Amino acid sequence: MMSGEALHYAEAEAIGSEEIPIVDFGRFLNGDAADRAAVAAEISAACRRIGFFYVTNHGVPETLRENVLGEARAFFAEPMARKMECAPLKEGQWCGFVPSRGAMEGWEPGGSFKTADAERVSGGTLEQFNMMRVLNADDPNYGGADPVYQRNLWPRFQPGFVETMIVNQRAVLKLSGELMAALSMALGVEEDFFARFHRSPLATFGLNHYPARTDTQPSDAVGVGAHCDASSFTVLLQDDVGGLEVRDPSGRWIAAPYVPGAYVINIGDTMMAWTNGHFVSTLHRVVSRRPVDRFSATMFMNPDLDARVAPLDAFLAEGEAPRFEPFDNGDYMKSFYQRFYNVWKKVSPISQ
Ligand SMILES: O=C(O)CCC(=O)C(=O)O
Ligand SMILES: [Fe+2]
């Protein structure tokens with residue numbers, strides 16, 4: 001693709017809710033052993049086939065989910081100069097506001113090591129607000145000297161924002177603990193198997209704004225280019241506008257529409273590597289096909305700073321060769337932040 005040239009995405013071919021199962025997670029949270037095993041089996045099938053599933057009855061209150069998207073709407077409606085007050089200024093940082101990257105080439109949404117091989121990617125119309133997990137005083141990394149524990153850059157001018165985001169972090173992290181147990185069961189290992197790689201996880205949170213498609217844009221304006229996520233797994237809250245699309249195993253792009261009350265869960269590259277590809281990290285993108293603003297909120301569950309990621313013996317069949325090179329999560333996260341910062345510098349009106 002030439003720099004500046006618009007990407008065109010054909011209409012998604014199918015509605016994904018048949019291919020992306022809706023899992024009643026209440027059966028895992030509140031059910032008996034048989035219910036939990038049934039949920040784990042559904043999740044296992046989804047993660048091996050497409051790497052995406054929805055969860056409903058997940059325990060996160062509707063009012064909290066609405067407040068998160070409400071704060072996102074209010075923040076992104078601020079004038080650009082105000083939003084830029086919360087922008088990363090230090091080398092290698094990532095927190096805060098990130099303006100739209102337009103058709104910029106070379107930006108890797110999601111920070112995936114898989115995407116680069118899979119498909120050329122470019123920026124898109126989205127603008128973002130990035131947050132790190134807020135560390136409690138009893139966290140082993142509270143006040144940590146490593147620059148990976150960068151500071152959040154909160155919009156102090158927006159009352160209620162910080163509190164809502166912190167309450168949301170707690171709720172989504174709690175859900176993530178349960179999801180990790182379910183993913184462990186789905187892989188046939190003990191329920192706390194993945195918890196030991198996520199003791200003080202480098203979990204990150206994002207708010208996304210995909211501006212409404214304008215009359216002068218193509219009917220398939222790219223919101224975020226096709227990518228995989230760098231995470232162990234991702235928890236996504238989307239509003240009812242739609243536009244998320246996932247590449248199914250046959251290579252078709254399918255819509256992952258809004259499902260009332262649900263989170264979308266997807267496997268990231270780290271989980272793919274641990275499981276030697278038995279759980280798949282799948283290309284996805286957001287295409288703005290409608291003249292309506294879209295908002296979403298993400299949580300990327302990333303492992304501990306010192307976690308070493310490599311295909312694990314527990315998931316290798318007899319004689320199965322490892323398909324992924326080992327890597328240190330700390331190096332991986334730092335290079336992700338650095339690349340992100342380098343792009344941010346190019347699009348930031350105040351960095352010149
Ligand atoms: O906004 C969405 O629906 C998806 C966002 C996404 O894929 C990401 O932030 O990695
Ligand atoms: Fe993503």
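Just follow the structure's listing: the first ligand is 1, and inside any ligand the first atom is 1. Hydrogens, waters and symmetry mates are skipped; everything else that's a heavy atom, side chains included, is used. Values in this document were obtained by computation on a predicted structure and should not be read as measured data.
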Whether over 12 other heavy atoms sit under 6.0 Å from D313 CG
no
Near V286 (heavy-atom distance under 4.0 Å), the atoms of ligand 1 are 1 (O), 2 (C), 3 (O), 4 (C)
Do any nitrogen or oxygen atoms of S296 come within less than 3.5 Å of a nitrogen or oxygen of ligand 1?
yes
On the 0 to 90° scale, with breaks at 30° and 60°, tag the F28-F25 ring pair as parallel, tilted or perpendicular.
parallel
Would you check, one step at a time, whether the test ring-ring contact (aromatic ring centres under 6.0 Å, His included) holds for F129 with F97?
CA-CA 4 Å; F129 186 86; F97 175 64; 7.7 Å; no
Ignoring hydrogens and angles, state whether a donor on the side chain of N141 or S200 is under 3.5 Å from an acceptor on the partner side chain.
yes
Run the numbers for me: atoms of ligand 1, each under 4.0 Å from some heavy atom of N208, listed by number.
1 (O), 5 (C), 9 (O)
Per-residue contact class, D229 against ligand 1 - non-hydrogen pairs under 4.0 Å
side chain
Do ligand 1 and R294 have nitrogen or oxygen atoms that lie under 3.5 Å from each other?
yes
Do V292 and Y258 belong together in a cluster built from hydrophobic side chains that touch within less than 4.5 Å?
no
Quick one: does V224 get within less than 4.0 Å of ligand 1, heavy atoms only?
no
When you look at CD of Q338, are more than 12 heavy atoms from neighbouring residues, nucleotides or ligands closer to it than 6.0 Å?
yes
Angle at the Fe ion (ligand 2) between OD1 of D229 and NE2 of H227, to 10°?
90°
Taking the six-membered ring of F336 as reference, does the NZ or CZ atom of R339 fall below 6.0 Å from its centre and within a 45° cone about the axis?
no
What do we get for L236 next to ligand 1 when only non-hydrogen atoms under 4.0 Å count, side chain, backbone, both or neither?
side chain
Please say whether H227 places an N or O atom under 3.5 Å from an N or O atom belonging to ligand 1.
yes
Does the shortest distance from the Fe ion (ligand 2) to an N/O/S atom of H284 fall below 2.8 Å?
yes
With a 4.0 Å cut-off on heavy atoms, is H284 touching ligand 1?
yes
For R48 and S44, what are the C-alpha separation, side-chain angles and deciding distance, and is it a side chain to side chain donor-acceptor pair (under 3.5 Å)?
CA-CA 6 Å; R48 287 168 205 277; S44 173; 2.9 Å; yes
With heavy atoms of F300 as the reference, note each atom of ligand 1 found under 4.0 Å away.
8 (C), 9 (O), 10 (O)
Looking at F157, does the NZ or CZ of R82 lie under 6.0 angstrom from its six-membered ring centre and within 45 degrees of the ring axis?
yes
Give the numbers and elements of all ligand 1 atoms closer than 4.0 Å to a heavy atom of Y210.
1 (O), 2 (C), 4 (C), 5 (C)
Applying a heavy-atom cut-off of 4.0 Å, say which part of R285 lies close to ligand 1: side chain, backbone, both or neither.
neither
